[in-house]
Amino acid sequence: MKKNYNVVELFSGIGSQVRALKNIDIHYTVQATCEWDMHAFIAYDAIHSGTRNLPEVDSMSKDEILDVLRKYTISNNGKEAMPFSVLKTYSHEVLKRILSAIRRNNNLVNISEVNGVDMPDDTDIMTYSFPCQDLSNVGAFHGYNKGIDKNSGSRSSLLWEVGRILSEMQEAGKKLPRYLVMENVPTLLSERHFNNFKEWIGQLENLKYISKYIPVNARNYGIPQNRPRLLMISVYVGDNDSYKKAIQEFFDHLGDTEEVLIKEYRESKYYEKKTVKDLLRISYDINSKLWKEAVECTPNDTPSRRKIWDDNPVIVNEKGNITDDPFIRTITTKQDRNPNSGNIYFDCGIEGRGKFRYLTPRECLLFMGFEDKDYENIIANNPEQRVKSCLFPRDKIIRMAGNSIPLKMLEGFFFQFYKIEEIS
């Protein structure tokens, strides 16, 4: 193994990819990230770098920061660009956090505006977990059905921007990344989307990559969440036929299912199985922060909320018993909804509130493989953006968790780098 890997994270979110690399002792340097959702990239900075602003940013006035940020296309909801007039209404402290996060993580921000000529040199690993809402079943329910069709304007079609960037790098004579790692939903293999997906793999072949995709599920890697996904690794082989043959033989060894990935990861020193009980944060101390977090996730006692209790799995019942089911449902971007990931009986004693709660933002992050300290870093990095309005309200953190990637699942996939690096 190399002593250090240069990493570029496209659609970087809150940084599941680099945290997974760290967890299996693959040392890295982040050359660049690319994420336009301001909440996600500020949370990334808080989780991986702490909560301090860069000194040079701390000394800038609000107008000076706005003048710098004017050149970036930033989103405050992950779906559409935020008008500059809205950005101007944010507090000075929030603007400091935005610019510090962009600079500290070399955030390229909007992938549609990235030029391959400007990409870093000597990248070892490039990850791209492009938006899935136009591919997922939930997205289809809400009318997002354009998939990854080229020029469709869908969020998921941003996949092709990755190909454009790689082609521009090649045309500029830049060295292409050694490895590409994709994560998305398994509906890419469905009849509706598979021809587009094959075209994508063909585009990578033209760039002299060979690829291997495998359907996986987070629950098989030690995380108690049922979350099916599709992972793909692409290895740059260039014109080296013997290397290409060796990589293809390795891919054949992996097979078409996750069986080999699971076996080898579970036999490694990095595998640690977590249970539902391990990740719940239940406190009966009304003065504790866990109690306060639980109260924030307790809905009002209304017919629609009672229906959520009736229609969804009970993770903890009235007697305090934790479910016998070893896995909870997929963590989605909302918990105050029907369906959700499951409910916990909770009587906060507040008049007008229901007798149950949803998973808290902390618990949602934990079920993705993050740690308590990661949630606490986000909360410690939560300045007021407008009067009585903080940067990271409850639902923003839940959304970020739902858009993230289970760490242990990535660890199991990235563990194969130890094997690939042995191939000369």
Note to self: Under the criterion ring-ring contact (aromatic ring centres under 6.0 Å, His included), I'd like the reasoning laid out for Tyr179 against Phe417: C-alpha separation, chi angles, the key distance, then a yes or no.
What the structure shows: CA-CA 9 Å; Tyr179 305 119; Phe417 280 134; 4.9 Å; yes
Note to self: Contact between Arg192 and Thr187 at the side-chain level, heavy atoms closer than 4.5 Å - yes or no?
What the structure shows: no
Check: Quick one: are Glu376 and Arg362 in side-chain contact, heavy atoms under 4.5 Å?
Finding: yes
Notebook entry, point to check: Considering the options Leu290, Thr360, Leu359, which one meets the side-chain contact (heavy atoms from CB on, under 4.5 Å) requirement together with Arg281?
Noted result: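 Option passing the side-chain contact (heavy atoms from CB on, under 4.5 Å) with Arg281: Leu290.
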Working to the nearest 0.5 angstrom, can you tell me the gap between [X] [atom1] and [Y] [atom2]?
{"X": "Asn115", "Y": "Arg164", "atom1": "CG", "atom2": "CZ", "answer": "7.0 Å"}
{"X": "Ser167", "Y": "Leu207", "atom1": "OG", "atom2": "CG", "answer": "4.5 Å"}
{"X": "Leu254", "Y": "Lys419", "atom1": "CG", "atom2": "NZ", "answer": "8.5 Å"}
{"X": "Leu87", "Y": "Ile65", "atom1": "CG", "atom2": "CD1", "answer": "10.0 Å"}
{"X": "Lys174", "Y": "Asp122", "atom1": "NZ", "atom2": "CG", "answer": "9.0 Å"}
{"X": "Ser283", "Y": "Phe346", "atom1": "OG", "atom2": "CZ", "answer": "8.5 Å"}

Notebook entry, point to check: Can you name the one residue among Phe130, Phe194, Tyr128, Tyr213 that meets ring-ring contact (aromatic ring centres under 6.0 Å, His included) with Trp200?
Noted result: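 Output: one option passes, namely Tyr128.
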Check: Would you say the ring centroid of Tyr236 lies under 6.0 angstrom from that of Tyr209?
Finding: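 Aromatic pair counts; centres sit under 6.0 Å.
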Main-chain N/O of [Y] paired with [X] side-chain donor or acceptor, under 3.5 Å:
{"X": "His92", "Y": "Met60", "value": "yes"}
{"X": "Ser100", "Y": "Leu54", "value": "yes"}
{"X": "Glu363", "Y": "Leu280", "value": "no"}
{"X": "Thr123", "Y": "Ile125", "value": "no"}

Notebook entry, point to check: Parallel under 30°, tilted from 30 to 60°, perpendicular over 60°: which one fits the rings of Trp309 and Phe356?
Noted result: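 Tilted, since the angle between the ring planes falls between 30° and 60°.
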